[in-house]
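Please read the structure below before turning to the comments.
Residue numbers start from 1 in every chain, and the chains themselves are labelled A, B, ... in the order their sequence lines are given, proteins ahead of strands.
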2 protein chains.
Amino acid sequence: MTRKRHATATDVARLAGVSQSAVSRAFTPGASIAEETRARVAEAARQLGYRPNAIARSLTTRRSRIIGVAASYLQNHFYPDVLEALSRGLQARGYQMLLFMPDAGRHADPQLQEVLAWRVDALILASTTLSSALADQCQAAGIPVLLFNRTSRAPSVSSVTGENLRGGRLIAEFLVASGHRRLGFLAGIENSSTSRDRESGFCGWLQENGHPPPLREVGLYQFEEAAAAARRLLARPDRPDAIFCGNDHMATAVAEVARHEFGLRIPRDLSLVGFDDTGPARWPSFSLTSFSQPVQPMVDATVALVCEMIEDPATPTRHEVVRGELVVRGSARMPPEGCVSLAEQLVWRPVRNDITG
Amino acid sequence: MTRKRHATATDVARLAGVSQSAVSRAFTPGASIAEETRARVAEAARQLGYRPNAIARSLTTRRSRIIGVAASYLQNHFYPDVLEALSRGLQARGYQMLLFMPDAGRHADPQLQEVLAWRVDALILASTTLSSALADQCQAAGIPVLLFNRTSRAPSVSSVTGENLRGGRLIAEFLVASGHRRLGFLAGIENSSTSRDRESGFCGWLQENGHPPPLREVGLYQFEEAAAAARRLLARPDRPDAIFCGNDHMATAVAEVARHEFGLRIPRDLSLVGFDDTGPARWPSFSLTSFSQPVQPMVDATVALVCEMIEDPATPTRHEVVRGELVVRGSARMPPEGCVSLAEQLVWRPVRNDITG
DNA sequence: GTTAGGGTTGCATGCGTATGCAAGCGCCGG
DNA sequence: CCGGCGCTTGCATACGCATGCAACCCTAAC
């Protein structure tokens, strides 16, 4: 059994008694071709099992209709959700997804080179930082780049994120309002914009309102690291009575350690707040109070923006921030007031509305 | 700002003072070219930021070095793990991954057509069934197809799976040995080979050993469906004292419902056994006894087989079954004997060794 | 009857790279 | 000194499709 050759447009043309151009036009929406010819071509194509070769097409059109997508940290359930939504969103617009997973913690450069060799129409980097060398390279090649759930220090790269800063501030206010006094913060990846922004929102509000800075540990957005950090934090004599975890994934790790290794009850002995509002965090066992990053709106914004950048290379840099809510569940003691129902969920809205992004 | 043209091999050739062929050879490992020429080309390429165009290359070589990967059910943490391993495995062999997510429950045909247009070197279908029409089409086009965690009724399609049948049998024996008498089975997707095989192993052993068939509900491998099924099962007057859940993802759903809606204690009031041994199921809160499908070995087998099929189209159909273990944790009462330590885990090995696959 | 114009069609070419073939070069043994 | 061989190199072409251009047909308007 040898590898068979695919039928080509020329084969179809011969069978249908038309030129190869006609076959091409028959498969190009909006091309100038008589309905009867199109039908004859379609029939011949069916007989031969012909499908236009996307590779050859891309070579001539100079558009691949492929979008490179980088995603690491699939352990965090936020990202599988994102991938799924992204896949459907891009597919609906006629794009394919070339997926690659950069080695965690490092720049994505080497694999990215492979992806760029495919002349992708755009690049979406989820939870990935971009080396400035590569940013320049994409800029020079005119390849739109979009950071998802990250921003770049180089502000020329567009991004879609949640409200990291506002979320951090709101969580600080929430925890203080509910009477916590020994706060802890569990950072994600140190040089990630999300972790930085969430932390500076959190600490910023505390400082501005005369509260001491929180205890601090680093969990690198990973389960085991977060669990280890939780052990350090909870073993302290001045153990915190509330911990803001950089994301839900780490918060579940902290909950596991707190309950099963320290025998703590949540939220009686320890309050937990996460970020993302996704995955197991919603299950009754965790019932995590968390600032939401709504996947579908974020992905919708991403798809819309990336398509715009592809169609109009002159699209200016944009940083879209998708609105989130502090979803209140059972993992943190509740403040006496400010909780309101919204779309069948309980969310927290501080009474004085002076929180700014 | 207009889209810039990429540098081509001809541009590099001109700058380096060689022919375009020389540039091509400079980037082709093993091609006949003088070291000094290669260096000059490399330098010119560096100056121009040249990278070979993978699209044009694929057109001439008739090999895309792209593998189409279908994956649905990313909610089940098994699959993100698989994706991650697969990505690294394929990348290490120089392949890119064109990912698409078929609409759950239906055949993947429409999107698959788009993927086939890219002349992928092979197709890996994870948790996806293949219509026989499409199987024929791939067969005719000589595109290797590999089913991951599924088998096909058409036995001509190769596959990599876990030990579904043996796992099901072993779990039956395990639950009976630990004194359970009212068993339940929570099926996944009815027409999936995994669910069928696990069930027939489970029920087969029970029948052969004179036990009544289990109560049965369907959870479709989905969290909410499984939760609903659990409610039906646990509300019965003859509520089961042990449930074998078709996978860990459904088992966590059942655990949530049992604890938080029925106030049951696990395993005192209800024993749970899952399948996959992955994700949150390992966390202390669930501590799920589960038959393992080891991701890395399964992916290794997949990558090796798919590469073999690509390199040698004459590779015969193969159905690889990757060995698993019944990993014993806390979600099910333990039998008086048969638990042994293996690689820092507790696994169950029945005393009489008459279990066959 | 003539002409303008819109709708179709085929021809020729280009997209960027790989590769068979033949030519060129230097080196060695006879 | 010459023939032959092996290593490099360039030339020409093919891969499969899209598309500008010109040719063509037909209808409608004059």
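The two atoms that bring B/V306 and B/I124 nearest to each other are CG2-CG1, 4.2 Å, heavy atoms only. Shortest non-hydrogen contact noted between A/M298 and A/V160 is O-CG1, 3.7 Å. Counting all heavy atoms, side chain and backbone alike, B/A126 lies closest to B/Y79 at CB-CE2, 4.2 Å. The shortest heavy-atom contact between A/S87 and A/M97 is CA-SD, 3.8 Å. Nearest heavy-atom pair across A/M309 and A/V145 is CE-O, 3.8 Å. Minimum interatomic distance between B/L86 and B/V69 (heavy atoms only, all atoms of both residues): CD2-CG1, 4.1 Å.
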Mind listing the N/O atom pairs, protein and nucleotides 22-25 of chain D, below 3.5 Å?
none

In 5'-to-3' order, the base (B), backbone-only (S) or no-contact (-) status of each nucleotide in nucleotides 12-18 of chain C, using a 4.0 angstrom heavy-atom cut-off, is B-BBBBB
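Sorted by residue number, the members of residues 31-43 of chain A with any non-hydrogen atom under 4.0 Å from DNA chain C read A/S32, A/I33, A/A34, A/T37.
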Contacts under 3.5 angstrom, residues 23-39 of chain B side chains, donor-acceptor by atom type, not counting sequence neighbours:
from: B/T28; atom 1: OG1; to: B/S24; atom 2: O; distance (Å): 2.8
from: B/E36; atom 1: OE2; to: B/R40; atom 2: NH1; distance (Å): 3.1
from: B/R38; atom 1: NH1; to: B/A26; atom 2: O; distance (Å): 2.8

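Of the possible donor and acceptor atoms, none in the side chain of B/R150 sits under 3.5 Å from a partner among the backbone N and O of B/L125. Within the 3.5 Å criterion, the main-chain N or O of B/Q113 finds a donor-acceptor partner in the side chain of A/R51. The closest donor-acceptor contact from the side chain of B/S64 to the backbone of B/R119 lies under 3.5 Å. Distance alone, capped at 3.5 Å, is enough to place a donor-acceptor pair between the B/D11 side chain and the B/T8 backbone.
Every residue meeting the side-chain hydrogen bond (donor to acceptor under 3.5 Å, both in side chains) condition with A/S192, not counting sequence neighbours, appears here in chain and number order: A/T194.
A straight line from CZ of B/R63 to C1' of D/dG16 spans 19 Å, rounded to a whole angstrom.
Note that the two end axes of the helix from C/dG1-D/dC30 to C/dG30-D/dC1 enclose an angle of 50°, each drawn from 5 base pairs, rounded to 10 degrees.
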